Amino acid sequence: MPRRAKIASLSGTILALGATAVAIPLTLNSATAEPTTSGPLAAFAAANREPLKVPAGPVDAHVEKVALTTSSGRATEHATKVDKPHTDAIKSDPQDVSGFGVVGVTWSGEIADGVRPEIRTLKDDVWSSWTPMSVDVDDHGPDAGTAEAKSVRPGTDEFLAGHVDQVQTRIIVPDAAEIPGALELAVIEPGKPAETVEELPEIHTDKNKPTAASAHSGNKDSDLNLVASTYTASPTIYSRAQWGADESIREQSAPTYRQIHGGFVHHAAGTNDYTETDVPGIIRGIFEYHVKTRGYRDVGYNFFVDKFGRIWEGRYGGVALPVEGAHTSGYNYDSFGAAALGCFDTVAAGCPDDTGATQNQPTDAMIQAYGSLYAWKLSLHGVTANATDVTLTKTDGTKTVFPYAIQGHRDANTTATICPGENLEAKLPQIRSLAASLQKSWSGRDLESNIAGTSHSDFVARRASDGRIFTLRTGGFAGFGSTRKSSTVGSTVREAVVTPDITGDGKADLIQVRDDGSAGIRKGRGDGTFAAVFKTLGRSTFSGVSKITATGNIGGTSANDLIGKNAKGYLVRYTGNGSGGFTRAGTTRSLSGFDKLAATGDVNKDGKRDLIGRKSGALYYFKGSGSGTFGSPVKLSTQSPSWSSLVQISGYGDFTGDGRGDLIGRDSSNRGWIYPASGSGFGKPLGPYADVNRTLVGAVNLLGNSLPDLVMKSGSTLYVKPNSGRVSLAAPVDSGITLTSATALMNAGDWNRDGKGDFLAKMSDGSVRLYRGYGTGKFASPVTIATGLGTVSVIDAVGDITGDGYPDLMGRTSDGTIKLWPGTGSTKVGASIVMKSSAAGTRLVGVGRWNSGNTPDVLFVNGTSTVVHESNGPGGLVSTQTLSINLSGYDAVLGVRDLRAGSGGDLIVRSGSYIYALERNSAGTGVTRTYLGALSGYNLLG
């Protein structure tokens with residue numbers, strides 16, 4: 001029965017081919033099947049569309065080791081010096097070959113310069129010419145100094161002899177050179193599978209295809225598809241099981257995981273004359289040669305690519321993980337290598353003469369396979385495929401700058417190897433270009449934080465009194481655009497008052513009060529300007545009345561009203577009729593000593609509109625009755641900037657989007673301040689806002705974005721300062737969820753990739769629950785995605801570290817180890833990955849791409865010290881940088897996506913009841929702090 005297909009996860013498998021519409025014209029070689037699709041991966045897609053016959057289980061390969069002898073028949077047990085050149089001083093007897101032969105020559109000790117093995121093959125009673133074998137002089141194999149390197153026996157690279165009857169080797173010895181000792185010819189018979197099955201590549205990306213079952217209620221809005229769903233798709237890959245790997249022969253200890261900063265392109269020397277069904281046997285032969293003859297812990301290459309355009313899993317440990325290979329000696333520490341099966345150079349350079357004039361050219365399908373593989377593999381670790389000046393670090397700490405992220409093997413040691421052959425080396429620019437075109441935007445790696453259906457960051461908070469969860473929405477910072485001219489008024493106008501609609505057309509209007517007490521009513525056009533006067537009010541209307549203030553409907557009718565202060569210091573009420581007219585009525589409410597008046601709406605949350613006044617530098621409110629009258633003044637708390645320092649105070653409008661009217665003030669430095677309504681007065685102000693540098697007429701929605709614009713006056717000209725349409729911190733949204741037993745909340749981004757933001761809760765029993773968002777600030781029933789994390793002391797969602805489009809979870813266990821649990825959507829998290837042995841800090845904060853790299857970073861906060869750890873994707877946490885940011889004074893620190901909807905990450909912090917944004921600077925070394933709003937009564941934020 002065929003194996004079930006695997007999914008490329010970080011426990012050992014990968015993601016599937018995602019065709020991308022990048023117009024790179026590629027033609028097909030005759031060796032490639034004609035595709036039925038178009039695009040840059042047409043040949044590769046066609047090659048992987050049809051099932052391939054592969055072994056149904058492990059296959060026993062066999063290596064025959066033959067000692068080489070001198071011409072006199074003596075064995076070469078020890079190194080022997082010769083006194084003249086020889087072409088056949090050492091020669092093996094012809095050896096029979098069964099199946100597709102893979103051969104190699106090994107020896108003990110060092111091999112002298114110029115001493116080289118050669119090989120020839122017998123087929124149909126005809127011997128081929130002698131072909132040089134590639135001598136491995138510190139160019140293939142494990143890095144020097146590693147445990148694996150200590151057990152390696154010197155030898156040639158593997159040589160693909162092919163379907164031949166016999167092979168024979170000889171050693172060419174130059175003058176006065178020394179013959180290495182213990183020379184052996186290894187002939188590998190790849191074995192025959194007991195049973196075969198026809199299968200597609202076993203490792204694929206089905207998990208990255210959202211299904212109807214994975215989505216939940218709520219209308220899908222294409223504008224709400226989160227960036228977290230962008231990722232570089234992986235190619236389909238045939239697994240080790242599909243080439244019949246006998247896992248018992250490799251070293252059984254755990255693989256070594258390093259980093260990835262680049263990739264090397266190789267070829268396996270020998271014939272290109274193989275069939276599709278030969279490929280599993282060829283890889284088994286290389287595996288057998290590397291392990292049983294050379295002494296590697298496993299096959300040296302991380303991947304293989306055949307001429308038909310198929311990719312095969314190489315060294316064990318997980319194709320998505322940075323498994324340390326033995327492919328490019330000195331640079332295995334932070335690179336990976338993929339070997340093209342076959343030889344891609346000239347006959348003179350040592351490749352067999354297989355195909356005449358067009359010999360040894362890589363096929364288009366092979367080039368496309370390389371492009372797809374390197375695009376995906378490098379993207380996991382944040383490496384741009386066409387990056388230049390790439391630094392690779394050896395195990396001893398030595399650094400080498402390479403011209404490109406994708407290099408040929410010969411570029412690591414140009415004098416020691418022809419690998420990957422002149423013809424494949426010439427295709428590297430095409431591979432780089434194709435791979436770069438297939439890589440997706442890096443912004444998908446950031447920690448998304450949109451859970452309320454906007455493009456701005458949100459977070460969740462738990463109310464202390466009952467454990468209720470609320471969604472808190474940021475909006476990109478309240479503010480104003482550039483001032484522009486609105487309209488002009490006559491020179492006799494002593495007061496201009498902007499007001500909500502008083503004419504019945506739904507648009508804000510203007511009242512211009514003249515020196516003689518008459519007034520003209522001008523309709524707003526909805527574009528920030530006002531039409532000519534359409535109604536004139538008589539002199540008695542505003543005679544002797546100043547400080548005229550728009551109040552909205554304060555009761556008695558359904559229209560908007562005004563108030564003012566007469567010459568005797570009493571409040572005067574103007575009841576609107578809805579068509580531009582007013583009825584004036586005197587009152588006994590004294591406004592004596594009040595130098596400023598403003599109306600903002602309902603100050604004390606009793607459902608009735610109130611009046612604001614300033615007296616002797618203090619602020620008061622007059623409680624509205626709802627029928628047009630006001631109670632005695634109630635003094636409000638002081639603020640900074642103080643009420644006395646304000647040149648002007650004005651309303652009318654809700655600047656914060658919470659449904660309550662706020663104050664706008666102008667100080668002596670021509671700066672504007674928004675004082676948000678708190679329910680019992682006004683809270684800490686937002687701002688300052690620059691260029692509020694003219695007489696403030698008022699605030700009203702003139703331009704239709706639902707938030708108040710500022711209207712100012714200078715001489716006879718009115719100016720409008722448009723509201724940006726953004727809010728700093730909107731009113732909480734009740735999620736309907738109660739979580740009294742949660743110990744941590746985490747904004748997870750679009751965890752299940754349905755286009756809507758989600759959150760995670762770590763529970764007191766050590767489990768982690770996923771709450772899938774509806775895009776409205778509300779959530780579906782929870783799904784448990786992890787258990788047994790009771791010893792994880794600090795934990796957070798950290799964005800897409802693993803590069804598969806799903807955000808991940810990171811935490812520190814009780815022994816100090818930093819681990820990553822890969823997100824998989826709405827199912828259990830993947831097997832944990834050790835990211836770092838330890839990192840100091842009482843808080844772990846996922847912050848997206850904080851620095852200049854392309855993979856998400858993590859902040860650790862430890863007292864006054866804040867350290868950012870850059871990730872190498874699944875390669876772990878690598879470089880660190882101590883920031884000039886002291887976060888010790890904040891009782892909550894949250895990582896969010898860039899608060900201005902750009903790339904990278906920022907912080908939201910809380911001090912007491914105040915919420916601040918900390919926006920990182922371009923270098924990621926510091927932050928700019930901006931007050932967002934007040935939030936009291938909540939004990940968990942995430």
Side-chain angles (χ1 to χ4, degrees), residues 104 116 132-144 148-149 152 154-160 258 260-270 272 283 286 289-290 294 296 299-307 311-312 314-315 323-346 349-351 360-362 366-367 369-371 373-374 377-378 383 385 387 390-395 398 400-432 435:
R116 70 177 189 275
M133 300 180 76
S134 177
V135 176
D136 183 350
V137 182
D138 298 328
D139 59 332
H140 281 92
D143 289 347
E148 183 175 8
V152 169
T156 68
D157 295 340
E158 64 278 345
F159 187 90
L160 310 187
R258 299 293 191 182
I260 299 295
H261 292 98
F264 286 96
V265 175
H266 296 260
H267 74 169
N272 296 306
I283 299 174
I286 298 173
Y289 179 63
H290 281 189
R294 297 296 309 279
Y296 296 2
V299 68
Y301 304 109
N302 299 105
F303 301 93
F304 295 95
V305 180
D306 66 35
K307 68 180 181 181
I311 303 168
W312 300 79
R315 179 163 286 211
V323 179
E324 182 180 30
H327 51 84
T328 310
S329 185
Y331 299 101
N332 297 300
Y333 181 80
D334 59 357
S335 70
F336 72 98
L341 296 181
C343 193
F344 299 96
D345 212 313
T346 63
C351 289
N360 307 330
Q361 289 288 341
M366 175 178 278
I367 298 305
Y370 264 110
L373 173 63
Y374 280 60
K377 183 65 175 175
L378 290 173
V383 180
V390 174
T391 300
L392 299 185
T393 304
K394 295 184 178 182
T395 52
T398 304
T400 303
V401 178
F402 284 85
Y404 303 103
I406 300 176
Q407 298 282 158
H409 180 200
R410 64 170 62 182
D411 301 312
N413 189 345
T414 56
T415 61
T417 181
I418 65 168
C419 179
E422 192 68 34
N423 298 330
L424 186 50
E425 179 83 10
K427 295 293 186 180
L428 292 184
Q430 186 178 348
I431 292 173
R432 294 182 192 114

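Owing to the predicted nature of the structure, the values given are computational and were not obtained by experimental measurement.
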Considering all heavy atoms of both residues, which atom of Pro142 and which atom of Ala326 are nearest to each other, and what is their separation? N-CB, 3.5 Å

Using the side-chain hydrogen bond (donor to acceptor under 3.5 Å, both in side chains) rule, pick out the option among Arg258, Glu324, His327 that qualifies with Asn332. His327

Checking Lys307 side chain against Asn272 main chain: does a donor-acceptor pair fall under 3.5 Å? yes

Between Phe336 and Leu378, is any pair of side-chain heavy atoms under 4.5 Å apart? yes

Should we say atom CZ of Phe402 is surrounded by more than 12 heavy atoms from elsewhere, each under 6.0 Å from it? yes

So does Glu148 pair up with Arg294, basic N to acidic O under 4.0 Å? no

For the pair Ser335 (side chain) and Gly263 (backbone), establish whether a donor and an acceptor sit closer than 3.5 Å, ignoring hydrogens and angles. no

Please tell me if the side chains of Gln361 and Met366 come closer than 4.5 Å, counting only heavy atoms from C-beta onward. no

Once you round to the nearest 0.5 Å, how far does OG1 of Thr328 lie from CD of Gln407? 10.0 Å

In terms of heavy-atom contacts, Cys343 and Gly270 come closest through CB-O, 3.0 Å

Interatomic distance, Met133 atom CE to Phe159 atom CZ [nearest 0.5 angstrom]: 6.5 Å

Starting at OH of Tyr374, measure out to CZ of Phe303 and round the result to the nearest 0.5 Å. 8.5 Å

Side chain of His409, backbone of Cys419: donor and acceptor closer than 3.5 Å? no

For the backbone of Ala340 and the side chain of Tyr370, can you confirm whether one donor and one acceptor N or O come within less than 3.5 Å of each other? yes

Closest non-hydrogen atom pair, Ala144 against Ser329: N-OG, 4.4 Å

Looking at side-chain heavy atoms only, is the closest gap between His261 and Thr393 below 4.5 Å? no

Is a side-chain donor or acceptor of Asp143 paired with a backbone partner of Tyr333 at a separation under 3.5 angstrom? yes

For side-chain contact (heavy atoms from CB on, under 4.5 Å), just list the numbers for Glu425 and His267, CA-CA rounded to whole Å, side-chain angles, deciding distance to a tenth of an Å, and then say yes or no. CA-CA 10 Å; Glu425 179 83 10; His267 74 169; over 6 Å; no

Heavy-atom pair with the smallest gap, counting every atom of Ala385 and Ala405: O-CB, 4.1 Å

With side chains defined as the heavy atoms from C-beta onward, is the minimum distance between Phe264 and Leu392 less than 4.5 Å? yes

Please give me the minimum heavy-atom distance between Ala338 and Leu373, naming the atom from each residue. CB-CD2, 3.9 Å

Looking at Asp345, is its backbone amide N or carbonyl O close enough to the side chain of Asn360 to form a donor-acceptor pair, meaning the two atoms are under 3.5 Å apart? yes

Where is the tightest heavy-atom contact between Ile260 and Val383, given as atom of each residue plus distance? O-CG2, 3.7 Å

Would you check if Leu428 and Asp411 make a side-chain contact, meaning some heavy-atom pair closer than 4.5 Å? yes

Check for a donor-acceptor pair, side chain of His290 on one end and backbone N or O of Tyr296 on the other, with a separation under 3.5 Å. no

Polar side-chain atom of Arg315 near backbone of Tyr301 as donor-acceptor pair, under 3.5 Å: no

Using side-chain heavy atoms (C-beta onward) and a distance below 4.5 Å, is Asp306 in contact with Ile283? no

First locate atom CG of Leu424, then atom NE2 of His266, and finally report the distance between them rounded to the nearest 0.5 Å. 10.5 Å

Distance, nearest 0.5 Å, that separates CG of Asp157 from NE2 of His140: 4.5 Å

Close side-chain approach of Val265 and Val305, heavy atoms under 4.5 Å: no

